[in-house]
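Data block below; observations after.
Just so it is clear, the model here is predicted, and its values are computed rather than measured.
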Amino acid sequence: MGNTDKFEMIANLYDTPERIQIAKVSSEAIRTYLVDTKSKNAIDFGCGTGLVGMNLLNEFKSMLFLDTSQNMLDQIKQKISRSDIQKADTLCFDFEKEGVSDFQADYIFMAQVLLHISDVELVLSRLFDALNEGGHLLIVDFNKNENIVSDIVHNGFDQAELANIMTKIGYRDIQSRTFYTGSKIFMGQDASMFILDSQK
């Protein structure tokens, strides 16, 4: 996944008050789409230090924290062992480089991850393969923002365009909405965030 080197370097400094706050509003937005999940398993995809997944841990039977940065996963492992959590696991894996191995999930969520992925359609296809039938993929990310010019991340996404790509892959019942607007939250710019729910 894109920018792994950068995340390796900032892993132990990642949990800033701003990131913790964004993770809180993101996980609350995800929670509104969860139905009867206590017996379901989830993947926090591109989990970073697990800020979103940790907030949602009690909603699921088990959770796999998946990221391309081992240093980020080491931060999660510390949180898991400090809290003596039994139902969480970690995996260092890159969906951009390899297809699904042997894990399946009922719910996959990704918060501010898609903007780091160069081949969006490829990764969304591989996530589709990793979902159980009837499973949900939930995406939290930034709305397209013309003020952002970057060669390392996308400048956000148009919700309708993203839904079209996902429909082509096979996702159904796609719904999305903007749920948060913040000051200087996207590369120093004011920005808004959306949540998208889809089903296999």
[X] [atom1] to [Y] [atom2] distance, which is reported to the nearest 0.5 Å:
X    : Y    : atom1 : atom2 : answer
D197 : Y171 : CG    : OH    : 11.5 Å
L73  : F65  : CG    : CZ    : 9.5 Å
S69  : I76  : OG    : CD1   : 9.0 Å
I139 : S198 : CD1   : OG    : 6.0 Å

Would you indicate whether the side-chain heavy atoms of [Y] and [X] approach each other to under 4.5 Å?
X    : Y    : answer
D141 : I195 : no
L137 : M166 : yes
F60  : Y107 : yes
T178 : M193 : no
V120 : L114 : yes
L122 : S125 : no
K144 : N155 : yes

Worksheet item: Got a sec, which residues hit ring-ring contact (aromatic ring centres under 6.0 Å, His included) with F194, two or more places apart in sequence or on another chain?
Response: none
Fill in: Pairing residues for F157 by the ring-ring contact (aromatic ring centres under 6.0 Å, His included) criterion, not counting sequence neighbours
H154
Worksheet entry | Cationic N near anionic O, under 4.0 Å, K79 to D15 |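 Yes, K79 and D15 are salt-bridged.
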Would you give me the side-chain donor-acceptor pairs under 3.5 Å for residues 179-188, sequence neighbours excluded?
none

Discussion item. Taking the ring of F45 and the ring of F109, is the distance between their centroids below 6.0 Å?
Written reply: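 For F109 and F45, the ring centres are not under 6.0 Å apart.
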Fill in: Output field: ring centroids F103/F93 closer than 6.0 Å
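Centroid separation for F103 and F93: below 6.0 Å.
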For [X], give me all partners under side chain to side chain donor-acceptor pair (under 3.5 Å), at least two apart in sequence or on another chain.
X    : answer
S192 : N143
T37  : none
N55  : S27

Taking only residues two or more places apart in sequence, or in another chain, which ones meet [X] in a side chain to side chain contact (heavy atoms under 4.5 Å, CB included)?
X    : answer
A105 : N41, I43, I108
R172 : Q199
K77  : Q70, D74, T90

Item to complete: List for me each residue that meets salt bridge (charged side-chain N to carboxylate O under 4.0 Å, His left out) alongside K200, sequence neighbours excluded, and say none if there are none.
Response: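 By the salt bridge (charged side-chain N to carboxylate O under 4.0 Å, His left out) rule, K200 matches no residue at all.
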Worksheet entry | Where at least one partner belongs to residues 103-122, residue pairs that pass salt bridge (charged side-chain N to carboxylate O under 4.0 Å, His left out), sequence neighbours excluded | E121-K168
Discussion item. Taking salt bridge (charged side-chain N to carboxylate O under 4.0 Å, His left out) as the cut-off, I'd like each qualifying pair that reaches into residues 20-31, sequence neighbours left out, listed once.
Written reply: E28-R31, R31-E59
Practice prompt. Report the residue from Q75, R19, M54 that forms a side chain to side chain contact (heavy atoms under 4.5 Å, CB included) with T49.
Written response: Q75
